[in-house]
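Notes follow the structure.
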There are 2 protein chains.
Amino acid sequence: MASRRVKAERGDAGLPDPQFNVLAMLHAHGAMTPGQLAEAERIQPPSMTRTVNCLVELGLVAKTEHPTDGRQVLVDLTEAGRAEVHETRRRRDAWLTGRLSQLTADERARLGEAVELLRRIAAS
Amino acid sequence: MASRRVKAERGDAGLPDPQFNVLAMLHAHGAMTPGQLAEAERIQPPSMTRTVNCLVELGLVAKTEHPTDGRQVLVDLTEAGRAEVHETRRRRDAWLTGRLSQLTADERARLGEAVELLRRIAAS
DNA sequence: TATTGTTATACTCTATAACTATA
DNA sequence: TATAGTTATAGAGTATAACAATA
C-alpha cells in the first residue's frame, strides 16, 4: 500500500503517525481540546490523552487552561511543534514529489481528481 | 482517511488488519513461508511469527514442514481460514459498494484509473 | 558459516471501565 | 446529574537482539 510507503519516509527524525497527525491537525485548526482531537482522529479520549501527553513531554505541544470552563483543556502547538510540522512535510513532500515525477502531467491531474472523490467517500 | 473507514467495517466478527492481510496473501498466492510473508507485508520476521501463531491458534492457518528444507516452515489456509477471507470480503465489499454508489459511473471509472497509478507508485 | 525461524524484551497505539473535577 | 479529562488495565502490532536448528 502506498500509505505505508509514505509513512515509512518519516525515517529516524520523524514522529509516529498518530502523533504527527495531531500536530498537523493543530496546525490547520489552531488550539483544540483533547476531546475535539479525539473526535477528529476517530479515537477514544483516553488514547488521545496518551498521545497528547507524549507530545507535551517532547515539547511539541502545550496544554493551557480553558478560559471559562475549568473542566476543559486547550492543546496547542509550541514553536518546536510548528517547526516539526514543517520539517516533516518537507521530507515527505520530497519523497512524494520524486514518485509523482514518474507520472505524466495528465496522470497527476487524474490522481488529484481521485483524491477529491475519496475525500467525499471518507467523509460520508 | 478512507482506509480507516474501510478497516472499521470489520466489526465484531473481523480480524485485525495485519492478520487478515496474511490470510488474503495466502489466499492469493497459496502456501508461503513465514519469511516470505514477512517480506511481502514489509515487516520483520519476528512480527510475522507472532501474527502467524495467532492465526494458528484461531485455526485459520496451519503450519507444515517444508518437504526438503528442515529450517523452513510452510503456512497455508485452513478451510476456516478460506471461509474467513470470503466472509470478510463480502462484508467489506458491501460497505464499499454503498459508498461507491454515491458516485457517478464516470467518477467510479476515474477512481479505477487512479488505483492503477497508485499501484505503480507503491511498487516503485 | 549462512539461513530460517523463534524467543525475549520493549515501545506505541488502541480500547473499555472506573475515577476526579467541574458545570 | 452531566460533561471533560485522566488513570488503570489489557490486547495487538511493531521492532531489535539473541538464540536454536538446519543447510
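All chains are named by letter (A, B, ...) in the order of the sequence lines, taking the proteins before the strands, and each is independently numbered beginning at 1.
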Item to complete: Identify whether any heavy atom of B/Pro18 sits under 4.0 Å from a base atom; if not, whether one sits that close to sugar-phosphate; answer base, sugar-phosphate or nothing.
Response: sugar-phosphate
Practice prompt. Answer with base, sugar-phosphate or nothing: what part of the nucleic acid does A/Pro34 contact at a heavy-atom distance below 4.0 Å?
Written response: sugar-phosphate
Are any of [X]'s side-chain N or O atoms less than 4.0 Å away from OP1 or OP2 of [N]?
{"X": "B/Gln19", "N": "D/dG13", "answer": "yes"}
{"X": "A/Thr33", "N": "D/dG5", "answer": "yes"}
{"X": "A/Lys63", "N": "D/dA4", "answer": "no"}

Discussion item. Cation-pi check for A/Phe20 against A/Arg89: NZ or CZ below 6.0 Å from the six-membered ring centre and within 45 degrees of the axis, yes or no?
Written reply: no
Discussion item. Closest approach to the side chain of A/Val73, judged atom by atom: which nucleotide of D/dG5, C/dT14, D/dT14 is it?
Written reply: D/dG5
Worksheet item: Considering only side-chain heavy atoms of B/Thr49, which listed nucleotide, C/dT14, C/dT6, C/dT16, is closest?
Response: C/dT6
Whole-Å gap separating [atom2] ([N]) and [atom1] ([X]):
{"X": "A/Glu65", "N": "D/dA4", "atom1": "CD", "atom2": "P", "result": "17 Å"}
{"X": "B/Met48", "N": "D/dT14", "atom1": "CE", "atom2": "P", "result": "7 Å"}
{"X": "B/Ile43", "N": "C/dT12", "atom1": "CD1", "atom2": "C1'", "result": "16 Å"}
{"X": "B/Asn21", "N": "D/dT14", "atom1": "CG", "atom2": "P", "result": "9 Å"}
{"X": "B/Leu58", "N": "D/dG11", "atom1": "CG", "atom2": "P", "result": "14 Å"}
{"X": "A/Gln44", "N": "C/dA18", "atom1": "CD", "atom2": "P", "result": "15 Å"}
{"X": "B/Gln36", "N": "C/dT4", "atom1": "CD", "atom2": "P", "result": "10 Å"}
{"X": "B/Leu37", "N": "D/dG13", "atom1": "CG", "atom2": "C1'", "result": "16 Å"}

Side chains of [X] and [Y], heavy atoms from C-beta outward: is any pair under 4.5 Å?
{"X": "B/Asn53", "Y": "B/Lys63", "answer": "yes"}
{"X": "B/Gln19", "Y": "B/Cys54", "answer": "yes"}
{"X": "A/Ile121", "Y": "B/Leu100", "answer": "yes"}

Worksheet, complete the sentence: 5'-most contact on DNA chain D (nearest-nucleotide basis), A/Gln72 vs A/Asn53, goes to A/Gln72
Discussion item. Going by side-chain contact (heavy atoms from CB on, under 4.5 Å), A/Leu60 matches just one of A/Leu55, A/Val52, A/Val85. Which one?
Written reply: A/Leu55
Discussion item. Walk along nucleotides 18-23 of chain D from 5' to 3' and tag each nucleotide B, S or - by protein heavy-atom contact under 4.0 Å, base first, then sugar-phosphate.
Written reply: ----BS
Worksheet item: What are the two closest heavy atoms between B/Met32 and B/Ala40, and how far apart are they?
Response: CE-CB, 4.4 Å
Practice prompt. First locate atom NE2 of A/His27, then atom NE2 of A/His86, and finally report the distance between them rounded to the nearest 0.5 Å.
Written response: 3.5 Å
